[in-house]
Number of protein chains: 2
Amino acid sequence: MKSVGIRDVAKAAGVSITTVSHVLNETPNTRTSESTRERVRDAASELGYSPNRLARGLRTRSSGMIGLLTEDIATTPHAGRIILGAQEEASSHNLTLAIINSHVDAGAAARRADARELIERHADGIIYATVFHREVSVPVELRAVPAVLIGAVDVQGLVPAVLPDEATGAANLTALLVAAGHRRIGFTNSSVDVPATRGRLIGHLRALAQAGIARDDSLIVSGLSEASGGYAATLELLSRRDRPTAVFCYNDRMAMGAYRAAAELGLHIPRDVSIVGFDDQAPIAESIHPSLTTVALPHYEMGAWAVATLTRLIQGSSDAWYLSTHPTLMQCPVVERHSVGPPQLVKSISNSATDLNL
Amino acid sequence: MKSVGIRDVAKAAGVSITTVSHVLNETPNTRTSESTRERVRDAASELGYSPNRLARGLRTRSSGMIGLLTEDIATTPHAGRIILGAQEEASSHNLTLAIINSHVDAGAAARRADARELIERHADGIIYATVFHREVSVPVELRAVPAVLIGAVDVQGLVPAVLPDEATGAANLTALLVAAGHRRIGFTNSSVDVPATRGRLIGHLRALAQAGIARDDSLIVSGLSEASGGYAATLELLSRRDRPTAVFCYNDRMAMGAYRAAAELGLHIPRDVSIVGFDDQAPIAESIHPSLTTVALPHYEMGAWAVATLTRLIQGSSDAWYLSTHPTLMQCPVVERHSVGPPQLVKSISNSATDLNL
DNA sequence: CTGAAAGCGCTTACAG
DNA sequence: CTGAAAGCGCTTACAG
């Protein structure tokens with residue numbers, strides 16, 4: 001199966017390969033008679049010609065490929081959406097997405113080797129995405145090409161980054177709770193100190209302040225960022241005499257545990273207590289009963305932003321410096337479902353059985 | 001930043017580029033003195049030379065890239081593991097993985113365009129992965145290159161495929177239930193008819209037969225393959241006078257609903273009823289309480305198999321025909337956690353409250 | 001054991 | 001408005 005090349009099209013159209021190249025690429029500043037153009041296009045489509053990207057890349061020194069370097073991300077549940085956003089944006093720019101994953105603990109050397117591989121293949125740009133929102137020291141290899149970061153910020157401030165705006169997302173979520181009437185809101189935080197932990201708490205506190213609700217640190221309890229941690233923390237919170245009427249869980253997995261704690265205490269969600277999570281993690285948030293009100297992380301959008309920004313950088317946009325020094329924050333939308341209701345009107349005595357007897 | 005080429009290495013080592021190419025590629029049937037080889041290697045590493053894959057690809061008519069064509073798969077929770085398996089296997093063969101995703105409903109035309117794009121870039125092989133185990137008609141474009149299918153079987157039997165061995169996985173899971181002492185096992189199936197639905201039921205039935213347990217179709221009830229469907233089906237099953245002592249749910253999401261049904265009936269898992277799922281879907285299976293005994297889908301393995309097989313095909317292996325006509329089945333391992341226990345010893349009266357009074 | 005040379009399939013000054 | 005020719009950076013017969 002001999003593949004058809006530009007030469008075949010030229011011959012069929014009775015023109016030179018130069019002309020074929022010009023008309024097919026619509027080279028600017030090139031005049032070609034309409035009749036020739038038509039002949040060329042007809043010949044090309046008749047022969048089913050499609051240019052060899054390798055040859056073109058060799059000549060133009062650009063591969064039309066962008067590399068996505070991930071750090072264990074393919075194993076996290078969110079990964080798919082980052083990849084999807086990046087891939088679709090890439091397609092729309094006629095770019096191909098190549099993926100390389102290294103394990104988080106593989107170390108800097110592995111990451112540099114991966115970067116090098118992408119460079120050998122003449123990636124036009126590289127996206128570096130980390131599992132958790134954190135600070136990284138970008139491999140020097142990436143200095144050689146346009147690069148952007150997803151979910152991480154470069155300690156040296158040399159490469160543009162997108163980050164989820166956790167604080168605003170959290171603030172909006174808390175505001176929703178406040179709007180429903182809650183004033184005593186528990187917060188079960190993750191005990192590991194990462195930007196997400198800090199950001200979510202900050203947003204929560206900010207919304208409280210804005211609503212004129214006094215900060216009460218006894219309402220903030222932290223634990224493992226898993227269902228088990230959420231269970232323990234929420235159990236503690238809801239067992240108090242003056243238990244909160246709502247609890248904001250650091251993430252959806254913790255919220256799963258919070259549901260169990262509430263059930264064990266005989267508390268009905270959202271009648272007796274409102275629960276909210278963060279991450280909009282599939283399939284938990286939707287599948288749990290009642291379905292969970294939470295905030296979504298903009299993975300798709302960050303993926304798309306990354307390649308959109310990269311294409312600007314590749315085209316030599318002058319935003320580079322500005323972008324590098326000002327991380328882009330992506331909004332995290334609140335997803336309202338069914339785990340929030342108004343607070344109980346009656347002052348509960350410590351146990352919801354009382355309510356049932358009203 | 002002028003990048004270093006083979007010419008620079010040749011000059012530095014005082015040899016021809018031919019020689020550089022031979023020593024660096026370790027071309028077979030080529031004698032080069034050890035001293036020359038050493039000089040070349042030193043020069044190459046000193047200059048930080050890495051070959052331009054585009055140029056090499058143009059010359060050798062192979063890009064060293066393999067394409068992964070997915071069908072909405074990046075949006076499914078499992079996707080990451082397929083990509084990861086494929087990517088790691090690709091790395092080990094010095095291949096790069098390019099990903100293109102099309103929406104399931106984008107139609108055949110979109111898929112063909114995607115295949116074409118991969119071919120323009122001279123993908124050495126293409127993997128086509130579908131979201132759900134099903135039959136597909138492979139785009140003709142794929143006939144031009146080695147191709148394999150993940151999770152789907154080609155209606156025309158022309159391309160090799162890997163599929164999860166759902167039946168065996170299900171049989172093993174049911175066998176585990178039987179081993180625990182269960183003889184009345186409910187089965188909540190998905191009401192949509194796909195290979196997975198059929199395979200899981202077949203495996204279940206096979207294990208029952210093997211254990212000498214009479215088939216009782218009243219124990220098989222189907223519904224939506226979501227938590228809500230599992231809830232309804234399980235509620236029905238467990239409300240019967242002679243309720244099953246265990247229920248096998250078509251998937252983990254249905255199992256989530258089953259948990260809720262059991263809780264509502266006051267049935268404790270696994271004391272009063274055992275529940276098992278299928279998919280080992282993160283983060284449900286682990287996070288739910290008690291953690292769910294289920295069977296894992298071999299996504300990583302299928303991804304790795306796909307590229308391993310592709311490399312054999314690319315090298316002209318003669319297995320092609322055999323592989324095309326015999327889909328490869330990948331084992332689905334049972335993952336034991338905490339949702340299975342022995343059946344209740346007492347004959348229940350219809351309501352577990354009775355048990356509590358023993 | 002080593003090298004000169006052709007050629008992979010394009011794009012792009014440059015000339016006409 | 002159109003084309004001849006150089007060249008991107010490699011690999012690979014082929015000759016010596």
Side-chain angles (χ1 to χ4, degrees), chain A residues 1-41 43-44 47-65 94 119-124, chain B residues 1-41 43-44 47-65 94 117 119-124 144:
Chain A
M1 188 187 283
K2 188 86 189 66
S3 84
V4 356
I6 195 173
R7 210 135 37 193
D8 303 302
V9 178
K11 196 170 304 173
V15 298
S16 70
I17 62 168
T18 304
T19 301
V20 175
S21 176
H22 283 146
V23 352
L24 261 23
N25 293 320
E26 299 176 354
T27 315
N29 303 322
T30 286
R31 330 242 109 254
T32 314
S33 73
E34 182 52 51
S35 71
T36 311
R37 304 230 298 272
E38 205 160 310
R39 266 197 346 274
V40 170
R41 282 195 281 253
L47 295 173
Y49 170 70
S50 69
N52 179 330
R53 305 294 239 106
L54 254 30
R56 178 190 303 199
L58 178 59
R59 185 55 233 245
T60 63
R61 319 178 129 279
S62 90
S63 60
M65 178 215 86
N94 237 297
I119 286 169
E120 272 184 22
R121 289 179 185 277
H122 284 237
D124 293 337
Chain B
M1 189 186 284
K2 189 84 189 69
S3 82
V4 355
I6 195 174
R7 209 137 36 197
D8 303 303
V9 178
K11 196 170 305 173
V15 298
S16 72
I17 62 168
T18 303
T19 299
V20 174
S21 176
H22 285 323
V23 353
L24 261 23
N25 293 321
E26 298 176 355
T27 315
N29 304 323
T30 284
R31 330 242 109 255
T32 314
S33 72
E34 182 52 51
S35 71
T36 311
R37 302 231 298 274
E38 205 161 310
R39 265 195 349 272
V40 170
R41 281 197 282 253
L47 295 172
Y49 169 70
S50 69
N52 180 331
R53 304 293 239 107
L54 254 30
R56 177 191 305 198
L58 178 58
R59 186 53 233 248
T60 62
R61 318 177 133 278
S62 90
S63 59
M65 178 213 86
N94 237 296
E117 181 174 338
I119 286 169
E120 273 185 21
R121 289 178 185 276
H122 283 239
D124 293 337

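Below, chain A is the first sequence line, B the second, and so on; all start at residue 1. The shown structure was predicted, so the numbers you read here are calculated from the model rather than taken from an experiment.
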If I take atom [atom1] in residue [X] and atom [atom2] in nucleotide [N], what distance separates them, rounded to the nearest angstrom?
X: Ile6(A); N: dT11(C); atom1: CD1; atom2: C1'; value: 8 Å
X: Lys11(A); N: dG9(C); atom1: NZ; atom2: C1'; value: 14 Å
X: Arg7(A); N: dA5(D); atom1: CZ; atom2: P; value: 14 Å
X: Arg39(B); N: dT2(C); atom1: CZ; atom2: P; value: 8 Å
X: Asn29(B); N: dT2(C); atom1: CG; atom2: P; value: 16 Å
X: Ile17(A); N: dT11(C); atom1: CD1; atom2: P; value: 9 Å
X: Arg53(B); N: dT11(D); atom1: CZ; atom2: C1'; value: 14 Å
X: Arg56(A); N: dG9(D); atom1: CZ; atom2: P; value: 18 Å

Chi angles and distances behind the side-chain contact (heavy atoms from CB on, under 4.5 Å) call for Met65(A), Leu54(B)
CA-CA 11 Å; Met65(A) 178 215 86; Leu54(B) 254 30; over 6 Å; no
Duplex segments of DNA chain D, taken as runs of at least three Watson-Crick or G-U pairs that stay under 3.5 Å:
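C:1-3 with D:14-16, C:5-12 with D:5-12, C:14-16 with D:1-3 - these are the stems of 3 or more pairs that involve DNA chain D.
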Does [N] have OP1 or OP2 under 4.0 Å away from a side-chain N or O of [X]?
X: Arg61(B); N: dC8(C); answer: no
X: Asn52(A); N: dC8(C); answer: no
X: Thr18(B); N: dG3(C); answer: no
X: Thr36(B); N: dT2(C); answer: yes
X: Ser21(A); N: dT11(C); answer: yes
X: Ser33(A); N: dT2(D); answer: yes

Establish, from distance only, whether the side-chain atoms of Ser21(A) and Thr18(A) form a donor-acceptor pair under 3.5 Å.
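The answer is no; no qualifying pair exists.
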[X] side chain vs [Y] backbone, donor-acceptor pair below 3.5 Å:
X: Arg39(B); Y: Ala13(B); value: yes
X: Arg121(B); Y: Ser63(A); value: yes
X: Asn25(B); Y: Thr27(B); value: no

What nucleotide, of [options], holds the atom closest to the side chain of [X]?
X: Val15(A); options: dG3(C), dG3(D), dT2(C); result: dG3(D)
X: Leu58(A); options: dG3(C), dT12(C), dC8(D); result: dC8(D)
X: His22(A); options: dT11(C), dA13(C), dC10(D); result: dA13(C)
X: Arg59(A); options: dT11(D), dT2(D), dG9(C); result: dG9(C)

Any base atoms under 4.0 Å from Leu54(A), or only sugar-phosphate, or nothing? Heavy atoms, all strands.
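If one applies the 4.0 Å heavy-atom cut-off, Leu54(A) turns out to touch nothing in the nucleic acid.
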What nucleic acid atoms does Thr27(B) come within less than 4.0 Å of, heavy atoms only: base, sugar-phosphate, or nothing?
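Nothing: the residue Thr27(B), judged by heavy atoms under 4.0 Å, touches no strand.
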How close do Leu58(B) and Ala55(A) get, heavy atom to heavy atom, and via which atoms?
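In this case the closest contact between Leu58(B) and Ala55(A) is CD1-CB, 3.6 Å.
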For the NE2 atom of His22(A) and the CZ atom of Arg37(A), what is their distance to the nearest 0.5 Å?
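Those atoms lie 12.5 Å apart.
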Go through the steps for Leu24(A) and Arg41(A) under the test side-chain contact (heavy atoms from CB on, under 4.5 Å), then give the verdict.
CA-CA 7 Å; Leu24(A) 261 23; Arg41(A) 282 195 281 253; 4.3 Å; yes
